[in-house]
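All values below come from the heavy atoms of this structure, side chains included, with hydrogens, waters and symmetry mates left out. Start at 1 with the first residue, then count along the sequence.
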Amino acid sequence: MHLPLDYETLRLIWWFLLGVLLIGFAIMDGFDLGTAALLPFVARTDTQRRVAINAIGATWEGNQVWFILGGGAIFAAWPLIYATSFSGFYVALFLVLAALIMRPVGFEFRQKIADPRWRAFWDYALCFGGIVPSLVFGVAVGNLFLGVPFRIEGDMRVVYEGTGLFELLNPFGLMCGLVSLTMLTGHGAAWLAFKTEGEVNMRARIAAMILSTTCAALFLLAGIWVKQLDAFRIVSEVAPNAPSDPLVKHVGMVAGGWMDNYISHPVLFVVPMVGVVGLLAHAAFTGVRWRLAAFIASGFGISGVIGTAGISLFPFLLPSSIQPEASLTVWDASSSHFTLFVMLCATLIFLPIVLAYTGLVFRVLRGAISEEHVLAKSSGLY
């Protein structure tokens, strides 16, 4: 069957769409995670914590759709990536899911009993549910640059030979985890500064300026560190239109090679520049109380940081540290040509609907939240 787009083009499109979905998750659900992580720090009283929780309470479930979309896209478009990553990062992903479960449980249970100790327990559970995923996602990305200890046997069976969660907590992985944590908590602070009034707003603005500038500094340090790492590189001929088979290529190691894509195409340096400028603009706009501009700048910063990692790794999606030729790339880990085309058609239909509905919801729920609002009988969900 002849399709209007060749296999190589579809693979590139889906690599780009995977990045868009991950950025969408980081921006949309990131401020939910960041708000939860900051809850005990920006809100000191029960009323103030209700203000912070109500800032995300009506939208967090819809925002989490981006997490589901990202996971679904990996499962359908990159099945080898999905299978291998869930084996290699099993304990880490289990920890993330356990933390994410704290969010709906915390929202629902904290309001059931008025006891301060009960509510404080669930507030810290929400904080845990924000910090852990934000940190672990960054740690996982950091380990992609180092390679994951898996191999693929001749029957295409993936064998993971790692030792578990603590293996991922290496110095570079933790550095990337801190970049992710400061990035998402800073984004949550930007949302609170945009959406709330009073003391919560004041503390959120301070947190936003500190976290965004810290994230920019850590991002630059991580970039310097990446330049010192050995990088994976395909040293055999690449067949972008061939059926997926990771074992037909040869992969070598190159010192400092993670910068090769930027050196070959200098225009790509715009992406990390957007990350740094966005984060610093977030701090600057917060300082002069340009609420919406600060939140948008934070979104650009997130896009630049995630885009930088994706471009650096390209064409690798999941490198193998023990069998480099088994590394999964854009060219040899995708679903079939027809599957990618059908999924693209479905995405072009449904993604605009998701975006339109999301925009409508945020427009309906516009406006800042104050302590007076949550104390009123007709306001305040939590």
Phe300/His282 under ring pair (Phe, Tyr, Trp, His ring centres under 6.0 Å): CA gap, chis, key distance, verdict: CA-CA 9 Å; Phe300 274 104; His282 169 202; over 10 Å; no
[X] side chain vs [Y] backbone, donor-acceptor pair below 3.5 Å:
{"X": "Lys195", "Y": "Gly367", "value": "yes"}
{"X": "Ser335", "Y": "Ala76", "value": "yes"}
{"X": "Thr182", "Y": "Val179", "value": "yes"}
{"X": "His337", "Y": "Leu5", "value": "yes"}
{"X": "Asp230", "Y": "Met253", "value": "no"}

Hydrogens and angles aside, do [X] and [Y] bring a side-chain donor and acceptor to less than 3.5 Å of each other?
{"X": "Thr286", "Y": "Arg205", "answer": "no"}
{"X": "Thr9", "Y": "Asp6", "answer": "yes"}
{"X": "Arg11", "Y": "Ser244", "answer": "yes"}

With under 30° as parallel and over 60° as perpendicular, where do the rings of [X] and [Y] fit, or are they tilted in between?
{"X": "Phe145", "Y": "Trp258", "value": "perpendicular"}
{"X": "Phe362", "Y": "Trp191", "value": "perpendicular"}
{"X": "Trp122", "Y": "Phe109", "value": "perpendicular"}

Can you pull out every side-chain hydrogen bond (donor to acceptor under 3.5 Å, both in side chains) where at least one residue sits in residues 23-38? Sequence neighbours excluded, please.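 Listed by first then second residue: Asp29-Arg103, Asp32-Asn63.
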Pairs involving residues 338-349, ordered by first then second residue, that meet side-chain hydrogen bond (donor to acceptor under 3.5 Å, both in side chains) (sequence neighbours left out):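 Listed by first then second residue: Ser336-Thr339.
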For residues 200-229, pull every pair meeting ring pair (Phe, Tyr, Trp, His ring centres under 6.0 Å), keeping only residues two or more places apart or in separate chains.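 Qualifying pairs: Phe172-Trp225.
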Would Ile210 and Leu181 show up in the same hydrophobic cluster when neighbours are defined by side-chain heavy atoms closer than 4.5 Å?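 Different clusters.
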With sequence neighbours left out, what residues match Ala284 under side chain to side chain contact (heavy atoms under 4.5 Å, CB included)?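 Result, side chain to side chain contact (heavy atoms under 4.5 Å, CB included) vs Ala284: none returned.
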Output all residues satisfying side-chain hydrogen bond (donor to acceptor under 3.5 Å, both in side chains) with [X], sequence neighbours left out; order by chain, then residue number.
{"X": "Arg119", "value": "Asp46"}
{"X": "Arg117", "value": "Asp115"}
{"X": "Asn143", "value": "Asn170"}

Just verifying a value: how many Å separate Leu318 CG and Phe232 CZ, rounded to the nearest 0.5 Å?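 Atom-to-atom, Leu318:CG and Phe232:CZ are 9.5 Å apart.
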Side-chain ion pair, Glu161 and Arg151, N-O less than 4.0 Å: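 Here Glu161 pairs with Arg151 in a salt bridge, since their nearest N and O are under 4.0 Å apart.
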Can we say Glu197 and Arg291 salt-bridge, meaning some charged N sits less than 4.0 Å from an Asp/Glu carboxylate O?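 The answer is yes: the pair qualifies as a salt bridge.
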Between Phe67 and Phe25, does the ring pair (Phe, Tyr, Trp, His ring centres under 6.0 Å) criterion hold? Intermediate values first, please. CA-CA 6 Å; Phe67 181 63; Phe25 164 67; 5.2 Å; yes
Taking only residues two or more places apart in sequence or in another chain, which ones pass ring-ring contact (aromatic ring centres under 6.0 Å, His included) with [X]?
{"X": "Tyr262", "result": "Phe269"}
{"X": "Tyr82", "result": "Phe75, Phe86"}
{"X": "Trp15", "result": "Phe314"}

Other hydrophobic cluster members with Val288, side-chain heavy atoms of Ile/Leu/Val/Met/Phe/Trp/Tyr under 4.5 Å, chained?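 Val288 shares its hydrophobic cluster with Phe285, Trp290.
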Nonpolar side-chain network containing Ile349, other nodes, edges under 4.5 Å: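 Members alongside Ile349: Phe350, Ile353.
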Could you point out which residue of Cys215, Ser134, Ser298, Pro133 forms a side-chain contact (heavy atoms from CB on, under 4.5 Å) with Leu184?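 Looking at Cys215, Ser134, Ser298, Pro133, the match for Leu184 under the side-chain contact (heavy atoms from CB on, under 4.5 Å) is Ser134.
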